[in-house]
Amino acid sequence: MIFQVNIHSKAINADMLLPKMLFMHPIQVLHSLFNITADMNFVYKENKYSLNCDWLQYSVYLDSIYPKMDCPAGYRVELCQGNNIYKNRALVFDKNGRKVLTFLWEPYSSILDKHVMTVQVANECLYSNNILNSLSLTKAITKCYFNSIGRFDLCCDFFMSNKRLEIIKHLVSGHYYVERKNEGSNFWHSAKKDDFIKNQCHCISFGSKHSEIKVKIYNKSRELGLPSAEQPDKPWIIKQWDEVGLDKLSVWRLEFSLTSNGQLRWQEQPITLEQIANPSWIMRVFFDLYASRFVVRVNQGKRKGHKNEDKRIFLLDLPTDGEKLIWQQNQSDSSQSLPAITL
């Protein structure tokens with residue numbers, strides 16, 4: 001089978017790589033096929049996508065429950081009031097005044113370990129692949145070592161075609177459903193079209209607040225303030241859209257949010273910062289999540305216990321098995337669920 005992947009206008013013909021791929025590690029295969037860079041813009045079967053980690057929160061173990069905060073050259077550390085969980089909060093800014101990190105420590109609850117500090121990486125840093133630098137900077141500010149990943153969100157931005165919009169409408173109406181995701185919410189707004197005011201759905205979420213994996217589909221262009229905003233929020237995201245050639249007025253996002261009160265794991269192993277900083281690992285995990293945790297089906301009433309013969313529908317045309325690297329056409333009548341991420 002031959003398919004083409006374009007990244008930054010570079011084309012790769014996979015039939016030339018397949019013989020070599022038989023002897024390569026899966027990570028090497030993804031690098032070869034996608035020529036992956038820090039920003040994971042790619043084209044698969046003429047569909048343009050922008051893939052990223054959009055939220056990252058991890059914890060470090062402090063040397064002292066009353067940590068000393070130093071200020072490295074080129075940075076500013078600002079101590080602030082905490083929140084309802086932690087007494088203390090600190091914001092870290094770079095020399096240009098951009099926030100890069102947020103620290104939270106000294107919990108009110110006696111159940112939580114007072115040596116553990118939460119670190120949240122600023123959104124812009126995630127899009128410039130400064131994940132590992134965030135830990136180095138944290139260690140330069142206070143004595144600590146890495147503990148665990150608490151939450152990270154994987155997202156894929158895509159053009160909302162009429163065909164995809166019909167799938168969204170069917171999900172809202174209940175004609176389609178997401179397998180194993182019974183709880184969720186829809187969010188609407190009023191829009192003027194042809195001199196009429198109509199309610200339009202701009203966000204669908206699946207999973208409860210206690211779910212380890214939450215799924216959300218939403219109008220990212222609208223969230224960023226387009227088209228009305230002269231200076232839209234998060235211009236670094238729009239820059240990536242421009243690079244891959246997405247119409248920035250019609251971009252939607254499919255997002256998986258992975259959270260844990262303890263330690264996030266994948267394939268029974270703790271997730272590390274090195275993995276999240278690796279674009280090919282991010283891509284593999286997203287493909288697996290899409291194939292196994294966003295299973296959209298037509299509500300035909302053919303569910304019987306663990307067997308589900310309702311017709312499967314695909315919102316996006318993506319590789320269906322990132323782990324085994326089986327690149328295949330998405331078959332809407334397929335009822336087999338692929339391997340899932342283990343948390």
Side-chain angles (χ1 to χ4, degrees), residues 25-28 30-31 34 36-40 50-63 67 69-70 72 74-75 77 86 89-94 98-105 107 112-113 115-156 212-214 234 236-237 240 255-289 322-323 341-343:
H25 188 275
I27 290 289
Q28 294 175 304
L30 281 168
H31 274 295
F34 287 89
I36 296 169
T37 56
D39 58 330
M40 290 166 281
S50 182
L51 179 64
N52 268 290
C53 172
D54 189 71
W55 181 287
L56 176 59
Q57 181 177 303
Y58 59 88
S59 63
V60 295
Y61 201 82
L62 296 169
D63 183 60
M69 296 283 174
D70 294 323
Y75 292 92
V77 179
Y86 294 94
R89 178 165 60 105
L91 306 179
V92 182
F93 300 87
D94 67 10
R98 295 174 299 189
K99 186 176 72 172
V100 293
L101 296 174
T102 300
F103 299 151
L104 290 163
W105 73 99
L112 299 177
D113 192 338
H115 279 89
V116 174
M117 181 175 75
T118 296
V119 180
Q120 182 181 332
V121 183
N123 186 261
E124 185 174 2
C125 296
L126 298 177
Y127 284 79
S128 56
N129 203 23
N130 280 323
I131 292 173
L132 294 180
N133 291 341
S134 74
L135 180 59
S136 300
L137 177 58
T138 301
K139 290 180 176 180
I141 293 172
T142 189
K143 291 184 179 180
C144 63
Y145 59 87
F146 177 77
N147 185 45
S148 65
I149 303 293
R151 171 185 167 182
F152 77 102
D153 295 358
L154 296 182
C155 63
C156 183
E212 291 178 322
I213 300 178
K214 302 178 186 67
K234 302 179 180 179
W236 50 89
I237 295 179
Q240 287 202 3
E255 183 175 278
F256 296 95
S257 180
L258 290 72
T259 57
S260 174
N261 292 328
Q263 187 178 63
L264 275 175
R265 304 172 74 86
W266 186 64
Q267 293 186 341
E268 300 181 356
Q269 296 298 320
I271 297 175
T272 66
L273 278 180
E274 287 75 16
Q275 288 173 316
I276 295 178
N278 187 329
S280 56
W281 186 87
I282 290 291
M283 192 169 280
R284 293 173 62 207
V285 173
F286 185 88
F287 290 165
D288 284 344
L289 286 169
E323 175 61 25
I341 189 170
T342 301
L343 290 174

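Everything numeric in this text was worked out from a predicted model, so none of it was measured.
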Item to check | From CA spacing to verdict: side-chain contact (heavy atoms from CB on, under 4.5 Å), I131, V121 | outcome: CA-CA 8 Å; I131 292 173; V121 183; 5.5 Å; no
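Atom CG of L137 and atom CG of N130 lie 10.0 Å apart (nearest 0.5 Å). Residue C125 holds its SG atom at 10.5 Å from CG of L56, rounded to the nearest 0.5 Å. Atoms OG and CZ, on S59 and R151 in that order, are 15.0 Å from each other to the nearest 0.5 Å. For the atom pair OG1 of T272 and CD of E274, the computed distance is 4.5 Å after rounding to the nearest 0.5 Å. The SG atom of C53 sits 12.5 Å away from atom CG of N278, with the distance rounded to the nearest 0.5 Å. Between atom CZ of residue R284 and atom CH2 of residue W266 there is a gap of 4.0 Å, rounded to the nearest 0.5 Å.
Proximity of F103 to V77: side-chain heavy atoms (C-beta onward) are nowhere separated by under 4.5 Å. Within the 4.5 Å cutoff, side-chain heavy atoms of T142 are placed close to those of L62. Within the 4.5 Å cutoff, no side-chain heavy atoms of W55 are placed close to those of N123. No side-chain heavy atom of V100 sits less than 4.5 Å from a side-chain heavy atom of N133. Residues L126 and N52 have side chains not in contact (no heavy-atom distance under 4.5 Å, counting atoms from C-beta outward). The shortest distance between side-chain heavy atoms of I276 and W281 falls below 4.5 Å. Side-chain contact check for I141 versus P72: some heavy-atom pair is nearer than 4.5 Å. Within the 4.5 Å cutoff, side-chain heavy atoms of Y58 are placed close to those of L135.
Applying the salt bridge (charged side-chain N to carboxylate O under 4.0 Å, His left out) criterion to E124, with sequence neighbours excluded, gives R98.
P279 approaches M40 most closely through the heavy-atom pair O-SD, 3.2 Å. Residues M117 and W105 come closest through the heavy atom pair CG-CB, 3.7 Å. The shortest heavy-atom contact between S260 and L264 is CB-CD2, 3.7 Å. The shortest heavy-atom contact between C155 and F286 is C-CE1, 4.1 Å. Closest approach of Y145 to K139, counting heavy atoms only: CA-CE, 4.3 Å. In terms of heavy-atom proximity, D70 sits nearest to A140 at CB-O, 4.1 Å.
Side chains of Y127 and D54: a donor on one and an acceptor on the other come within 3.5 Å.
Screening L104, T102, T259, T118 for a side-chain contact (heavy atoms from CB on, under 4.5 Å) involving Q57 leaves a single residue, T118. Here the rule is side chain to side chain donor-acceptor pair (under 3.5 Å) with R265, and of Q269, Q267, Q263 only Q263 fits it.
Y75 OH: 12 or fewer foreign heavy atoms inside a 6.0 Å radius.
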